[in-house]
Structures are given as C-alpha cells and as structure tokens.
Amino acid sequence: MSNKIDKHTALAGLSLGKATEYREIYAPDLLQAVPRSINRDELNLGASLPFSGADRWNGYELSWLNAKGKPEVAILRCEVPATSPNLIESKSFKLYLNSFNQSHFDSITSVRETISKDLSQCAGEKVNVLLFKAAEFSQMQIESFDAVSIDDLDIEVHGYQLDSSNLTAKGQLVSETLSSDLLKSNCLITNQPDWGSVCIRYQGPQINHEGLLRYLISFRQHNEFHEQCVERIFCDIMSHCKPQKLSVYARYTRRGGLDINPFRSNFENIYPEARLARQ
C-alpha cells in the first residue's frame with residue numbers, strides 16, 4: 001500500500017484562497033499543516049534528505065493584551081526545521097497570529113512559549129521562536145546578500161515556464177556566492193505572485209551564470225509554495241551542476257505581515273538574520 005499523500009486531497013482543506021472569518025481570541029486550531037512529502041515525492045526525495053536547513057519566518061503583525069488589558073506588540077521570528085514532516089501554511093499562520101489580538105497573556109515569555117508550542121505541534125518538530133519588543137525594532141537593519149549579483153547579465157529570455165535544462169556547469173572547481181532579485185513564482189493555490197531574492201553558494205564546477213539566471217527566471221509562471229521552490233532549486237542545481245557543496249537561501253517579500261525565508265544546504269547552517277530592502 002502506498003504511503004504517498006494525494007496532493008489535491010492534502011490541499012483541499014486549506015483556508016488559503018477561501019473567504020475566512022478573522023478571529024481575535026486565541027485559536028491554535030487555525031494553524032494548518034501541509035505535508036512536505038507532497039513536493040518531495042515529486043522530487044524523488046526519500047527519508048534521507050540531501051540537505052538540512054530551516055524555514056525562517058518573520059512576523060510583523062503580532063499583538064496581544066497584557067494582564068491589565070493594555071495592547072502589547074512584538075516582531076516574531078521563528079525557524080521551522082526542514083526535517084519537520086509539515087510546513088506551516090502561510091494564511092493559517094496569519095490568522096493564528098491575529099487570534100492573539102484580544103487575548104490576555106501575563107508576559108511576553110508566555111506568548112513566546114505558547115506560539116512555540118503551537119507551531120511545533122503543527123510542524124511536527126520543535127520550532128524555535130523569538131519575540132522582539134518595540135525597543136529592539138531599531139536594531140533590525142536593512143542589509144544585502146554578500147554575493148555577486150547575476151541580474152545585470154545582458155541575456156535574452158523567451159521562456160517563463162520552469163526549465164532546469166538551462167543549468168550547466170563545467171571547468172575548474174570554484175567557490176562562489178551568487179544572487180538574484182529576479183525570483184518570482186506563484187502561490188500553488190491562489191496563483192498570487194510571490195516575489196523573492198535568492199542567494200546560491202556553492203563549491204564545484206563553475207555554474208554558467210547566464211544559464212542560472214534563465215533558470216531562476218523560468219520560475220516566473222511556476223506555481224509552488226516558497227519552501228517547495230527552494231528545495232526544487234537545490235535539487236535541480238545538484239542534479240545538473242553536481243557541486244560538492246551547495247546552499248540555497250531565498251528571502252521573499254512579506255504578505256499579510258509575514259515573510260518566509262527558506263534555507264537549504266548540504267554543508268552549513270542558516271545565516272544570521274539580515275532583512276533585505278524589499279522586505
């Protein structure tokens with residue numbers, strides 16, 4: 001008997017793309033999980049993943065009431081391990097955070113522990129959560145990828161459907177870090193555009209930069225969740241270019257007060273937080 005999860009069945013129950021009532025009293029049942037196996041089966045990924053990493057989320061619309069009824073605000077950051085059986089569906093995450101609006105909590109620690117518990121239960125693995133008070137907001141600086149941008153390459157582009165055949169590599173071994181701000185894909189369910197910047201760090205035969213840029217642009221009419229796109233990029237580069245070391249990190253612009261930043265690597269941990277200008 002197959003253990004594969006039917007994609008359409010798994011997605012049918014999500015609130016994404018449907019009219020939704022906004023609840024302002026704490027409601028952990030709003031969180032919805034999406035099995036990672038939906039995409040990983042298509043990529044022929046088994047139980048032994050070729051990467052590690054995390055999905056780093058930043059939430060900018062978190063508020064609750066303290067014991068005296070006074071509103072408090074914070075910025076949330078959490079990391080969902082790539083090894084978790086589920087990713088967290090973004091609209092459900094937004095609705096869940098909104099449910100704190102008229103809920104009383106004794107302390108910011110209580111809020112953080114509650115969110116960590118609920119996200120961990122949804123993802124199926126421990127999710128670390130940090131909350132930053134208003135006094136800490138000014139410490140969150142805008143930075144950029146420490147990488148060579150390939151966006152200024154003067155190329156002609158004729159295809160906007162996913163095409164991994166653009167990826168090639170040959171010649172001497174190199175170590176380089178490349179970036180592009182031209183990543184755009186579409187939501188798997190609503191078809192709304194998802195805008196992102198991607199950083200690719202690798203060691204191996206030199207990847208053809210023009211081909212890499214065409215490949216990234218070919219996501220322009222492709223429908224997948226953020227996390228799925230990054231895993232596809234990782235797997236396609238490994239398959240076609242065969243680097244010994246590879247990291248793929250995408251930072252997407254926010255929607256509904258949340259930005260999603262998936263990181264996948266076979267040799268290093270997720271980088272220190274650095275928000276990009278478009279975020």
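The structure displayed is predicted, hence computed values, not measured ones. All values below come from the heavy atoms of this structure, side chains included, with hydrogens, waters and symmetry mates left out.
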A.B. asks: Do Met238 and Phe267 share a hydrophobic cluster (ILVMFWY, side-chain heavy atoms under 4.5 Å, transitive)?
C.D. replies: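 No, separate clusters.
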A.B. asks: Assess the side chains of Asp163 and Ser218: does a donor N or O sit below 3.5 Å from an acceptor N or O?
C.D. replies: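 Short answer, no.
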A.B. asks: Who passes ring pair (Phe, Tyr, Trp, His ring centres under 6.0 Å) against Phe234, sequence neighbours left out?
C.D. replies: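 Scan of Phe234 (ring pair (Phe, Tyr, Trp, His ring centres under 6.0 Å), adjacent residues dropped) gives Phe51.
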A.B. asks: Measure the shortest side-chain to side-chain distance between Leu212 and Asn208 over non-hydrogen atoms and say whether it is less than 4.5 angstrom.
C.D. replies: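 No, their side chains stay 4.5 Å or more apart.
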A.B. asks: Look at the side-chain heavy atoms of Ile, Leu, Val, Met, Phe, Trp and Tyr, link any pair under 4.5 Å apart, and say whether Leu162 and Val230 land in one connected group.
C.D. replies: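 Looking at the clustering, Val230 is in the same group as Leu162.
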A.B. asks: Any luck finding a side-chain donor-acceptor pair between Glu72 and Asn66 under 3.5 Å?
C.D. replies: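 A pair is found: one side chain offers a donor N or O, the other an acceptor, under 3.5 Å apart.
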A.B. asks: Does the pair His226 and Glu231 meet the rule for a side chain to side chain donor-acceptor pair (under 3.5 Å), with working shown?
C.D. replies: CA-CA 9 Å; His226 304 68; Glu231 293 188 1; over 6 Å; no
A.B. asks: Ring-plane angle category for Tyr271 and Tyr249, please: parallel below 30°, perpendicular beyond 60°, tilted otherwise.
C.D. replies: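 It falls in the perpendicular class, over 60°.
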A.B. asks: Take atom CG of Asp146 as the centre, draw a 6.0 Å sphere, and report whether it contains more than 12 heavy atoms from other residues, nucleotides or ligands.
C.D. replies: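 Check fails, neighbour count at 12 or below.
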A.B. asks: What's the separation between atom CG in Asn266 and atom OG in Ser52, rounded to the nearest 0.5 Å?
C.D. replies: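 These two atoms lie 8.0 Å from each other.
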A.B. asks: Check the side chains of Ser84 and Arg36 for a donor-acceptor pair under 3.5 angstrom, ignoring hydrogens and angles.
C.D. replies: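 Present: a donor and an acceptor within the cut-off.
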A.B. asks: So Val129 and Leu119, do their side chains get closer than 4.5 Å, heavy atoms only?
C.D. replies: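 Yes - at least one pair of side-chain heavy atoms lies under 4.5 Å apart.
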A.B. asks: Is there a side-chain contact (heavy atoms from CB on, under 4.5 Å) between His209 and Glu176 once you walk through the steps?
C.D. replies: CA-CA 11 Å; His209 291 186; Glu176 61 181 354; 3.0 Å; yes
A.B. asks: Is it the case that one hydrophobic cluster holds both Leu87 and Ile189, taking links as side-chain heavy atoms less than 4.5 Å apart, direct or via other members?
C.D. replies: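 They do share one cluster, since a chain of ILVMFWY contacts under 4.5 Å joins Leu87 to Ile189.
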A.B. asks: Report yes or no: does Asn101 contribute a side-chain atom to a donor-acceptor pair with the main-chain N or O of Asn98 at less than 3.5 Å?
C.D. replies: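 Indeed, once roles are kept as given, a pair shorter than 3.5 Å links the two residues.
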A.B. asks: Would you say the side chain of Leu213 lies within less than 4.5 Å of the side chain of Ser180, judging by non-hydrogen atoms?
C.D. replies: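 Touching, per the 4.5 Å side-chain cut-off.
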A.B. asks: Phe100 vs Tyr26, test: ring-ring contact (aromatic ring centres under 6.0 Å, His included). Steps then yes/no.
C.D. replies: CA-CA 5 Å; Phe100 282 74; Tyr26 170 63; 5.4 Å; yes
A.B. asks: How many angstroms lie between CD in Glu273 and CD in Glu143, if you round to the nearest 0.5 Å?
C.D. replies: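 Nearest 0.5 Å value for the CD-CD distance: 9.0 Å.
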A.B. asks: Check whether the side chains of Ser185 and Glu224 place a donor and an acceptor atom closer than 3.5 Å, and report yes or no.
C.D. replies: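 Distance-only check fails for Ser185 and Glu224.
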A.B. asks: Backbone N or O of Ala54 within a donor-acceptor pair of the Arg264 side chain at under 3.5 Å?
C.D. replies: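 Looks like yes, one N/O pair under 3.5 Å.
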A.B. asks: Taking all non-hydrogen atoms of both residues into account, name the closest pair between Val127 and Glu79 and its distance.
C.D. replies: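 Minimum heavy-atom contact is CG1-O, 3.5 Å.
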A.B. asks: What pair of heavy atoms forms the shortest contact from Ile25 to Gln102, and how long is it?
C.D. replies: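 Smallest interatomic distance, heavy atoms only, reads CD1-O, 3.4 Å.
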A.B. asks: Indicate if Val198 and Val148 have the same hydrophobic cluster label, given that clusters are the connected sets of ILVMFWY residues with side-chain heavy-atom separations under 4.5 angstrom.
C.D. replies: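 The answer is yes; both residues are in one hydrophobic cluster.
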A.B. asks: Does Asn128 reach the side chain of Cys78, with side-chain heavy atoms less than 4.5 Å apart?
C.D. replies: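 Side chain of Asn128 against side chain of Cys78, heavy atoms only: no contact under 4.5 Å found.
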A.B. asks: What heavy-atom pair brings Pro243 and Leu246 nearest, and what distance separates the two atoms?
C.D. replies: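 Taking every non-hydrogen atom into account, CG-CB, 4.0 Å.
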A.B. asks: Do the non-hydrogen side-chain atoms of Leu183 and Trp195 ever get within less than 4.5 Å of each other?
C.D. replies: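 No, every pair of side-chain atoms sits at 4.5 Å or beyond.
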A.B. asks: Is a side-chain donor or acceptor of Ser99 paired with a backbone partner of Tyr96 at a separation under 3.5 angstrom?
C.D. replies: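 Answer holds: yes.
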A.B. asks: To the nearest 0.5 Å, tell me how far Arg254 CZ sits from Asn58 CG.
C.D. replies: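 Output value for this atom pair is 8.5 Å.
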A.B. asks: For Arg214 and Glu156, indicate whether the former's side chain and the latter's backbone hold a donor-acceptor pair under 3.5 Å.
C.D. replies: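 Looks like yes, one N/O pair under 3.5 Å.
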A.B. asks: For Lys133, I'd like to know if atom NZ has over 12 heavy atoms of other residues, nucleotides or ligands within 6.0 Å.
C.D. replies: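 At most 12 heavy atoms, drawn from other residues, nucleotides or ligands, come within 6.0 Å of this atom.
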A.B. asks: Check whether the side chains of His240 and Ser164 place a donor and an acceptor atom closer than 3.5 Å, and report yes or no.
C.D. replies: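 Short answer, yes.
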A.B. asks: Given 3.5 Å as the limit, does a donor-acceptor pair link the side chain of Gln279 with the main chain of Tyr252, or not?
C.D. replies: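 Checked: pair present.
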A.B. asks: Is a side-chain N or O of Lys184 found less than 3.5 angstrom from the main chain of Arg220, in a donor-acceptor match?
C.D. replies: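 Between the backbone of Arg220 and the side chain of Lys184 there is a qualifying donor-acceptor contact (under 3.5 Å).
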A.B. asks: Are Lys245 and Ser265 close enough that a side-chain donor and a side-chain acceptor fall under 3.5 Å?
C.D. replies: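 Side-chain D/A pair, Lys245 to Ser265: absent.
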A.B. asks: Check the side chains of His222 and Gln228 for a donor-acceptor pair under 3.5 angstrom, ignoring hydrogens and angles.
C.D. replies: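 No - no donor-acceptor pair under 3.5 Å links their side chains.
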A.B. asks: Restricting to non-hydrogen atoms, name the atom on Ala169 and the atom on Pro205 that form the minimum distance, rounded to 0.1 Å.
C.D. replies: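 Closest pair (atom of Ala169, atom of Pro205, distance): CB-O, 3.6 Å.
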A.B. asks: Less than 4.5 Å apart, any side-chain heavy atom of Asn86 and any of Val34?
C.D. replies: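 Result no, sub-4.5 Å side-chain heavy-atom pair not found.
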A.B. asks: Got a sec: does the CG of Asp106 have more than 12 other heavy atoms crowding it under 6.0 Å?
C.D. replies: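 No, not enclosed.
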A.B. asks: Measuring only between side-chain heavy atoms, which start at C-beta, is Lys91 closer than 4.5 Å to Gln32?
C.D. replies: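 Lys91 vs Gln32: side chains apart.
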A.B. asks: Hey, does Met140 have a side-chain heavy atom less than 4.5 Å from the side chain of Phe132?
C.D. replies: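 A side-chain contact exists here, since the closest heavy-atom pair is under 4.5 Å.
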A.B. asks: Verify, without hydrogens or angle tests, whether Ser116 (side chain) and Arg112 (backbone) share a donor-acceptor contact under 3.5 angstrom.
C.D. replies: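 Looks like no, no N/O pair under 3.5 Å.
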A.B. asks: Report yes or no: does Asp118 contribute a side-chain atom to a donor-acceptor pair with the main-chain N or O of Pro28 at less than 3.5 Å?
C.D. replies: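 Flag not set: sc Asp118 to bb Pro28 has no pair under 3.5 Å.
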A.B. asks: Could you grab the distance from atom CZ of Phe145 to atom OG1 of Thr177, nearest 0.5 Å is fine?
C.D. replies: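 Reported to 0.5 Å precision, the distance equals 10.5 Å.
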A.B. asks: Please tell me whether Ile150 and Leu182 are part of a single hydrophobic cluster in this structure, the criterion being side-chain heavy atoms less than 4.5 Å apart.
C.D. replies: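 Yes, same cluster.
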A.B. asks: With no hydrogens and no angle check, do the side chains of Asp259 and Asn261 hold a donor and an acceptor under 3.5 Å apart?
C.D. replies: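 The criterion, which ignores hydrogens and geometry beyond distance, is satisfied for Asn261 and Asp259.
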A.B. asks: With the threshold set at 4.0 Å, does a side-chain nitrogen-carboxylate oxygen contact exist between Glu42 and Arg232?
C.D. replies: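 Answer for the salt bridge query: yes.
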A.B. asks: Could you state the interatomic distance from SG (Cys235) to CG (Asn44), rounded to the nearest 0.5 Å?
C.D. replies: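 Answer for the SG-CG pair, Cys235 versus Asn44, is 9.0 Å.
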A.B. asks: Determine whether the side chains of Asp181 and Ser197 contain a donor N or O and an acceptor N or O closer than 3.5 Å.
C.D. replies: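 Asp181 vs Ser197: donor-acceptor pair found between side chains.
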A.B. asks: Could you go through the ring-ring contact (aromatic ring centres under 6.0 Å, His included) check for Phe219 and Tyr160 one step at a time?
C.D. replies: CA-CA 7 Å; Phe219 276 83; Tyr160 304 98; over 10 Å; no
A.B. asks: Indicate yes or no for a side-chain donor-acceptor contact from Ser92 to the backbone of Ile88 under 3.5 Å, with no hydrogens or angles considered.
C.D. replies: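 Judged by distance alone, no pair lies under 3.5 Å.
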A.B. asks: Using the rule given for side-chain contact (heavy atoms from CB on, under 4.5 Å), can you reason through Leu62 versus Leu131, listing the C-alpha separation, both sets of side-chain angles and the distance that settles it, and then say yes or no?
C.D. replies: CA-CA 9 Å; Leu62 174 60; Leu131 297 184; 3.6 Å; yes
A.B. asks: Please check if any side-chain donor atom of Gln161 sits under 3.5 Å from a side-chain acceptor atom of Gln221, or the reverse.
C.D. replies: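 Yes, side-chain donor-acceptor contact under 3.5 Å.
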A.B. asks: Measuring from atom CG of Leu216 to atom CG of Leu167, what distance do you get when rounded to the nearest 0.5 angstrom?
C.D. replies: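 Leu216 CG to Leu167 CG: 7.5 Å, rounded to 0.5 Å.
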A.B. asks: Could you go through Thr83 and Glu125, starting from their C-alpha distance and side-chain angles, then the distance that decides it, and tell me whether this counts as side chain to side chain donor-acceptor pair (under 3.5 Å)?
C.D. replies: CA-CA 8 Å; Thr83 50; Glu125 192 170 331; 2.9 Å; yes
A.B. asks: Can you see which heavy atom on Tyr202 is nearest to which on Ile207, and at what distance?
C.D. replies: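 That closest heavy-atom pairing would be OH-N, 2.9 Å.
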A.B. asks: May I ask you to check whether over 12 heavy atoms, not counting those of Asn269, lie within 6.0 Å of atom CG?
C.D. replies: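 12 or below, so no.
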A.B. asks: Taking all non-hydrogen atoms of both residues into account, name the closest pair between Leu95 and Leu30 and its distance.
C.D. replies: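 It is O-CD1, 3.4 Å.
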